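Remarks on the structure that follows.
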Protein chains: 2
Amino acid sequence: MPTYTPPLRDMQFVLHELLNVEAELKQLPPFAEVDADTINAVLEEGGKFTAGVVFPLNQIGDKEGCTFDAPSKAVTTPTGFKAAYQQYCEGGWGALAADPEYGGQGLPIVVNNAFYEMLYSANQAWSMYPGLTMGAWECLHAHASAELKAKFLPKMIEGVWTGTMCLTEPHCGTDLGILRTKAEPQADGSYSITGNKIFISAGEHDMSDNIIHLVLARLPDAPAGTKGISLFLVPKFKVNADGSIGERNTIHCGGIEHKMGIHGNATCQMVLDGAEGYLVGEANRGLNAMFVMMNGARLGVGMMGLGITEIAYQNSLTYAKERLQSRSLTGPKAPDKAADPIIVHPDVRRMLLTQKAYAEGARAFGYWIAIELDKAQNHPDEATRKASQDTVALLTPIVKAFMTDNSFECANLGMQIYGGHGFIAEWGMEQYVRDTRINQIYEGTNTIQSLDLLGRKVLADQGAKLKQFGKLVAEFIEREGIDPKMDEFITPLADIGDKVQKLTMEVGFKAMQNPDEAGAAAVDYLRVVGHLVYAYFWARMAKLALQKQGSGDRFYESKLHTARFYFQRLLPETAALIRRARSGSANLMAMPEDLF
Amino acid sequence: MPTYTPPLRDMQFVLHELLNVEAELKQLPPFAEVDADTINAVLEEGGKFTAGVVFPLNQIGDKEGCTFDAPSKAVTTPTGFKAAYQQYCEGGWGALAADPEYGGQGLPIVVNNAFYEMLYSANQAWSMYPGLTMGAWECLHAHASAELKAKFLPKMIEGVWTGTMCLTEPHCGTDLGILRTKAEPQADGSYSITGNKIFISAGEHDMSDNIIHLVLARLPDAPAGTKGISLFLVPKFKVNADGSIGERNTIHCGGIEHKMGIHGNATCQMVLDGAEGYLVGEANRGLNAMFVMMNGARLGVGMMGLGITEIAYQNSLTYAKERLQSRSLTGPKAPDKAADPIIVHPDVRRMLLTQKAYAEGARAFGYWIAIELDKAQNHPDEATRKASQDTVALLTPIVKAFMTDNSFECANLGMQIYGGHGFIAEWGMEQYVRDTRINQIYEGTNTIQSLDLLGRKVLADQGAKLKQFGKLVAEFIEREGIDPKMDEFITPLADIGDKVQKLTMEVGFKAMQNPDEAGAAAVDYLRVVGHLVYAYFWARMAKLALQKQGSGDRFYESKLHTARFYFQRLLPETAALIRRARSGSANLMAMPEDLF
C-alpha cells in the first residue's frame with residue numbers, strides 16, 4: 001500500500017526561498033495582504049485534507065471504478081468519493097482562488113496550484129472532479145454574462161455544482177473545426193442543443209447536486225471550421241430564477257468508458273437532445289472562450305504530472321530503502337542483514353534521482369508559472385501583465401507536455417524499482433503508471449502541445465516570447481557566471497541556451513520553406529526547451545543550496561546533489577533530441593503512404 | 001477492435017534473403033533437410049493458427065482474467081483458452097523444435113522462434129503457457145536423468161502437461177542466493193520440498209492434465225548463497241510408473257495476483273508443503289541448470305517484445321490511415337474529405353516509423369540469434385559451436401532488454417497515435433501497453449540484463465565476445481564501404497562501432513577502480529550496444545534493398561526508407577546515452593542515503 005506525505009518543506013522552499021512569493025504577491029493589489037504564514041497555513045491544512053481524506057480513496061477508486069446504470073442513466077462514483085467531496089466543499093477548498101464577489105476566498109493561483117499538486121498526488125481521478133469545476137467557473141468568470149455568473153458561479157465555487165468541458169465528438173478531438181453539435185436559437189434567448197459528445201470527464205456522477213456543462217456547438221448560420229463554434233452553458237438541471245434546482249435538462253449520459261486508468265473518474269458519452277443552453281461570450285467565438293478553460297486545464301494536467309511524479313518518488317524511495325536484495329558492488333553495506341537495501345545499487349539511485357530531479361524541477365517551474373499567471377491577471381502595470389501573459393502562453397505547452405512525459409517516465413521508473421511487485425495492483429505503483437498515462441493525451445496530445453509551442457508560440461512571433469524568457473536566463477547567467485562554484489551549472493545552462501537559439505533559427509528557416517519541417521522537429525524541440533527551463537530552475541536552486549552550504553541544514557545538501565544529477569544525467573538527453581530535431585522532415589515524409 | 005495479419009513477407013525476407021536460413025541449416029546435421037518451402041509452409045500454417053485461433057482470445061483474456069477458487073485452490077483461465085490450447089497440442093505446435101526421440105518434430109529453433117513471434121503478437125498471456133512449457137522441457141532435456149526425461153518429456157512436448165519455473169520467493173527475486181525453500185532427501189531417492197514461491201506464471205490453471213514445476217530449493221547441507229541451490233522437478237500430480245497420472249502432490253496454488261497486464265496468464269503464489277520432487281542435474285548446481293530455462297526465457301521475452309511491437313504497429317497504421325483529423329501542414333491531401341488521414345502529419349509518421357523500424361530490426365536480430373542458437377547446439381565444428389555460444393551469451397541481454405524497452409515505447413506510441421481512443425479498453429491499444437510492460441521486469445529486470453551484459457559478458461573476458469561480434473560488423477563495413485550508395489549507412493555504423501569500443505574501454509578502466517562505475521553505466525551502455533546491433537542489421541537490410549532498386553517490388557523501397565529513418569532518427573539516441581554512460585558514478589553515489 002502506498003503512502004503519501006505532502007512535501008511541505010520543498011513546497012515552502014520553492015515558494016519562499018526560490019520564488020519570494022510574498023514579495024511577488026505584494027505587487028498585486030488583490031493579494032497584497034497574503035503573507036507567507038497564511039500560505040503555509042493553507043498548505044498545511046491542504047496537506048492534511050489531501051493526505052488524510054483524498055489519498056485513502058485512491059486505490060479503492062481504481063479498483064471499484066465508476067458504474068453506469070443504463071435504465072436511469074446514472075453514474076455512481078466509488079465508495080467514499082462523494083463523502084470526501086462534501087468535506088472538500090465544506091472546507092471551502094473549491095473557493096480557494098475564486099473571486100470573493102462570488103463567494104471565493106480570493107487567494108492567488110499559486111497557492112491553489114500548490115494545493116492541487118497535493119490533490120493530484122493523493123488521487124488524480126478524484127481531483128479531476130473539482131479541477132474541472134474550477135476550470136469551468138474560470139471560463140464563465142471570464143466570458144459569461146453578469147446574469148449567468150450570478151446564477152451559476154456561487155454554487156460552482158462552493159463546489160455543490162460541478163463543471164465539465166464538452167468538446168470532443170466521436171469524429172473529432174484535436175480537430176474541433178469539424179464538430180457537428182448544433183445549437184438552435186429559441187424565442188426566449190436560450191438555445192436548443194443537439195449532438196453527441198464523448199470523453200467527457202465527470203460528465204455524469206453522484207457527487208454534486210447539479211452539473212454545469214460547457215458545450216461547444218455550431219449555430220445554424222455559423223461559418224465552417226473553428227470560426228463557427230460557439231460556447232454554451234448547459235446545466236444538467238435547469239436552474240430556477242431563485243437559484244433553486246428546476247427540471248431535468250435533456251442532456252444525458254449514454255455510457256461510460258472502460259479505460260486504462262483514472263477509473264474513479266467517469267469518462268462519459270453525453271447525448272444532447274434539444275438540451276437548453278445559454279450562450280457564453282460571443283457567437284462563433286466559442287473556441288476563444290473555451291481556451292481559458294483549456295489553458296487552465298493544460299496547466300492543471302502538468303500539475304497532475306508533478307503530483308504523480310512526487311508520489312511515485314516517495315513510494316519508490318520507501319521501497320528502495322526497505323527491500324533487501326543483493327550486495328552492493330563495492331561490498332556489503334548492511335552486513336547484518338541477508339542482503340543490502342536496493343538503494344545501494346547505482347541504477348536504483350539513477351531511477352530515484354530521476355524522479356526526484358523531475359519532481360523538484362517541475363515544482364519550481366509549476367509554481368513559478370502560477371505566479372506569472374497571477375501577475376498576468378493582477379499586476380497593476382499593463383506591460384508587466386502582457387509580459388507575464390506572453391510567458392504563460394509560451395510555456396503552457398511545456399508545462400503540459402514536458403511535465404507529463406516526465407511523469408510517465410518517473411512512474412515507470414517506480415514500477416521498475418519495485419520489480420515484480422511493481423506490476424501487482426495491491427502495491428499501488430502500476431496504478432500511477434496507468435493514471436498518469438492519460439496526461440500525455442488529454443487536453444491536446446503532447447504532439448499538439450509541441451506544435452502549439454513551435455508554431456504558434458515561437459515561430460509565429462519570430463521568437464519574441466522565447467527571447468523574453470531567454471533574457472531571464474541570460475541575466476541569471478551573467479549574474480552568476482562570476483561565481484566559480486556555479487560553473488558546473490552555469491556552463492551547461494549557457495550551452496543549452498545557445499543551442500535552443502540556434503535550433504530555433506534553423507527550424508524556423510527550414511519551416512519557412514516547408515511547414516512539415518516544423519511538424520518534424522516539434523516534439524524533440526519541445527523537450528529541448530523543457531530542459532532549458534529545468535536547467536534554469538535547477539541552476540537557481542543550486543545557487544540557493546550553495547549559499548546555505550555549511551548551514552547544517554541537510555535539505556540544501558540534498559538539493560545540491562540533485563542539481564548535479566540533473567545537469568550530469570538528465571540534461572544530456574538534449575544531445576540526442578537536437579540531432580533528431582535537426583534531421584529534417586525528409587526521413588518522415590519521403591515514404592509514400594502505401595509503403596508503410 | 002485490433003486485427004492481426006502475420007507479417008509473412010517480412011519474416012521470409014529476413015529468413016531467406018537476409019539470413020540465408022536454408023544454407024545455414026544445411027551445415028547443421030539435424031536440419032540439413034529443412035528447406036525454405038518447409039519453413040514457409042510451417043509459418044503459413046502457424047500464421048493461420050495464431051491469427052485465427054489465438055488472437056481472437058486476446059481481448060477476452062484481458063477482460064475476464066483468470067479466477068481463483070480458494071476452497072478448491074483451482075484456477076480457471078478465460079473463455080476459450082483451454083479449447084485453443086487443445087488445438088495447439090493437436091496441431092503438434094508444441095513439438096515443433098523438440099527432440100524427435102521424445103516425440104518432437106525436430107525443426108530448428110529459428111523456425112520455432114518465428115512461430116513464437118506470431119504467438120506473442122496474437123496473445124502474449126495465452127502464449128506464455130506453451131512458452132513456459134517449452135522452456136521447462138528444454139531445461140529437463142539438457143539436465144534431467146534419462147529416467148525423468150522418459151517419464152516427463154513426451155507429455156510436455158505434446159503439450160498435455162505444461163511446465164513452470166519456480167524461482168522467486170516473497171523476499172527474493174533478483175537475489176536468488178537468499179532463497180529459503182527446503183528440500184529434504186527421502187529414502188526412495190525423492191525429495192520432500194517445502195516453501196513458498198511467488199510470481200509463478202502458469203503455476204495453476206485448467207488447460208492441461210498435469211503441471212510440471214521446476215523448483216529451486218536448498219538441500220539441508222547446502223552452502224549459503226547461489227552455490228547451495230538445487231533444481232527439482234515437482235509435478236502437480238505424481239506420475240505412476242506406467243506414465244499415468246497418480247495422486248495429487250502437495251504443491252498448491254495459494255492465490256493469484258491482480259496485475260497490470262497479461263491478465264489471461266495466472267500469476268500464482270505456490271505453496272509447497274512437503275511436495276515430492278526429483279533432483280534435476282547435480283546437487284547445488286541448480287542455478288546453472290535453471291539458466292538453460294532462464295536464458296531461453298530471456299530470448300523468449302525479447303520475442304514477446306517484438307510480437308507486441310509488430311501488432312502495435314499494424315493497428316496504429318490502420319488507425320492512422322482511417323482517422324481523419326486536421327489538414328496536412330502543406331495543404332489538404334484528401335480535399336474530398338472533412339479532414340486528412342492523420343498519417344499525413346510528420347509526427348504521426350515519426351511514431352509509425354519508430355514502430356516499424358524497431359519491429360523489423362528486432363525481427364532481423366531475433367531470427368539471427370535463433371540461428372546462432374541452432375549453430376551453438378548443432379554445428380559439427382566445435383569452434384563454431386563455441387563462437388555461436390559466445391555470441392548468444394553476449395547478446396541475450398540485448399534481446400531481452402533492448403527489444404522489450406523498445407516494445408514498451410512502441411506500444412505507447414501506438415496509444416499516442418490513437419489519441420483518446422488509445423486509453424479506452426475496447427480499442428485494444430492500451431492492453432498492449434499493459435501487457436508488454438511486464439517484459440521489462442520479468443526474467444531479470446532490464447537493469448539486471450544490463451549488468452549481465454557489461455559485467456559478465458563484456459568486462460569479464462576483457463571484451464573478447466564483444467570483439468567477436470565487432471569483427472562481423474567490421475567485415476561488413478570493409479566489404480560495403482566501397483559502395484558510395486551505402487555511405488549513409490556505413491558511416492554511422494562505423495562511427496557507433498568506434499564509440500562502443502571507446503566506451504567499453506573507458507567504462508572498463510573506471511570499473512577496475514570502482515565497481516560502481518559499471519553499475520552506473522550499464523543501462524545506458526546496453527542501449528548503445530543495442531543500437532550497434534540494430535545499425536548493423538539495418539545496414540545489411542539497406543544493402544539488400546539497394547540491390548533490388550528498380551525491381552519494381554515496393555517492399556524494398558519501404559525497407560530502404562525505413563533504414564534511412566532508423567539511421568537518422570533512432571540511432572542518434574546514442575549521443576545522449578554515451579554522455580550519460582560516461583558521466584560516472586559520483587552523480588549517483590555521492591548523495592548519502594538519508595538525503596534522498
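All chains are named by letter (A, B, ...) in the order of the sequence lines, taking the proteins before the strands, and each is independently numbered beginning at 1. Everything numeric in this text was worked out from a predicted model, so none of it was measured.
- Rounded to the nearest 0.5 Å, atoms CD1 (Ile342(A)) and OG1 (Thr174(B)) are 8.0 Å apart.
- Applying the salt bridge (Lys or Arg N to Asp or Glu O under 4.0 Å) test to every pair with at least one member in residues 518-527 of chain A, sequence neighbours left out, gives these pairs: Asp524(A)-Arg580(A), Asp524(A)-Arg569(B), Arg527(A)-Glu573(A).
- In this structure, the separation between CD1 on Ile343(A) and CG on Asp594(B) is 9.5 Å, given to the nearest 0.5 Å.
- If you take CG on Leu588(B) and NE2 on His345(A), they are separated by 13.5 Å, rounding to the nearest 0.5 Å.
- Contact count versus chain A (heavy atoms, under 4.5 Å) is highest, among Gly261(B), Ala339(B), Ala224(B), for Gly261(B).
- When each of Gly584(A), Ser585(A), Ala521(A) is checked for heavy-atom pairs under 4.5 Å with chain B, Gly584(A) comes out on top.
- Counting heavy-atom pairs closer than 4.5 Å to chain A, the top-ranked of the candidates Ile438(B), Ile448(B), Leu570(B) is Ile438(B).
- Contact of Leu324(B) with chain A is made through the backbone alone, with heavy-atom distances under 4.5 Å.
- Interface residue Arg323(B): only side-chain heavy atoms are found under 4.5 Å from chain A.
- Note that the OG atom of Ser316(A) and the CZ atom of Phe596(B) stand 11.5 Å from one another [nearest 0.5 Å].
- Counting heavy-atom pairs closer than 4.5 Å to chain B, the top residue among Asn446(A), Val523(A), Thr445(A), Leu560(A) is Val523(A).
- Options Lys559(A), Glu426(A), Arg564(A), Arg554(A) differ in how many heavy-atom pairs under 4.5 Å they form with chain B, and the most are formed by Arg554(A).
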(Q) I'd like to know whether Arg350(A) forms a side-chain hydrogen bond (donor to acceptor under 3.5 Å, both in side chains) with Asn587(B), so could you lay out the CA-CA distance, the side-chain angles of the two residues, the decisive distance to 0.1 Å, and finally the verdict. (A) CA-CA 9 Å; Arg350(A) 173 188 66 83; Asn587(B) 56 41; over 6 Å; no

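- Rounded to the nearest 0.5 Å, atoms OG (Ser583(B)) and CG (Leu571(A)) are 11.5 Å apart.
- Side-chain contact check for Met260(A) versus Ile424(B): every heavy-atom pair is 4.5 Å or farther apart.
- Here Gly519(B) is the residue among Gly422(B), Gly519(B), Ala522(B) with the most heavy-atom pairs under 4.5 Å with chain A.
- Gln416(A) contributes atom CD, which lies 4.5 Å from atom CZ of Arg437(B) (distance to the nearest 0.5 angstrom).
- For the set Met415(A), Arg327(A), Gln440(A), Lys333(A), the entry with the most heavy-atom pairs within less than 4.5 Å of chain B is Met415(A).
- No side-chain heavy atom of Ile441(B) sits under 4.5 Å from any side-chain heavy atom of His421(A).
- Shown here are the ring pair (Phe, Tyr, Trp, His ring centres under 6.0 Å) partners of His561(B), two or more places apart in sequence or in another chain: there are none.
- At a 4.5 Å heavy-atom cutoff, the contact between Leu317(B) and chain A is made by side-chain atoms alone.
- The two residues Ala520(B) and Pro346(A) have their closest heavy-atom pair at N-CB, 3.6 Å.
- Ranked by heavy-atom pairs shorter than 4.5 Å toward chain B, the options Ser558(A), Pro572(A), Pro592(A) are led by Ser558(A).
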Q: Applying side chain to side chain contact (heavy atoms under 4.5 Å, CB included), run through Lys259(A) and Glu430(B) and close with a yes or a no.
A: CA-CA 8 Å; Lys259(A) 48 198 197 300; Glu430(B) 60 92 38; over 6 Å; no

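- In Lys63(A), the NZ atom is not crowded: 12 or fewer heavy atoms of neighbouring residues, nucleotides or ligands sit closer than 6.0 Å.
- With a 6.0 Å radius and a threshold of 12 heavy atoms from other residues, nucleotides or ligands, Arg180(B) has its CZ atom at or below the threshold.
- Note: Phe408(A) and Phe408(B) meet the aromatic proximity criterion, with ring centroids under 6.0 Å apart.
- Heavy atoms of Phe423(B) lying under 4.5 Å from chain A belong to its backbone as well as its side chain.
- Both the backbone and the side chain of Asn412(B) have a heavy atom closer than 4.5 Å to some heavy atom of chain A.
- Among the candidates Gly419(B), Ser326(B), Ala590(B), Pro341(B), the residue making the largest number of heavy-atom pairs closer than 4.5 Å to chain A is Ser326(B).
- Within the 4.5 angstrom heavy-atom criterion, no atom of Val348(B) approaches chain A.
- Neither the backbone nor the side chain of Phe567(B) comes within less than 4.5 Å of any heavy atom of chain A.
- A donor-acceptor distance shorter than 3.5 angstrom exists from the side chain of Arg349(B) to the backbone of Met591(A), with no hydrogens or angles considered.
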Q: Please lay out, stage by stage, how Ile178(B) and Gln325(A) fare under the test side chain to side chain contact (heavy atoms under 4.5 Å, CB included).
A: CA-CA 9 Å; Ile178(B) 55 177; Gln325(A) 207 75 179; 4.2 Å; yes

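- Per-residue heavy-atom pair counts under 4.5 Å with chain B were compared for Arg434(A), Arg582(A), His171(A), Glu557(A), and the maximum is reached by His171(A).
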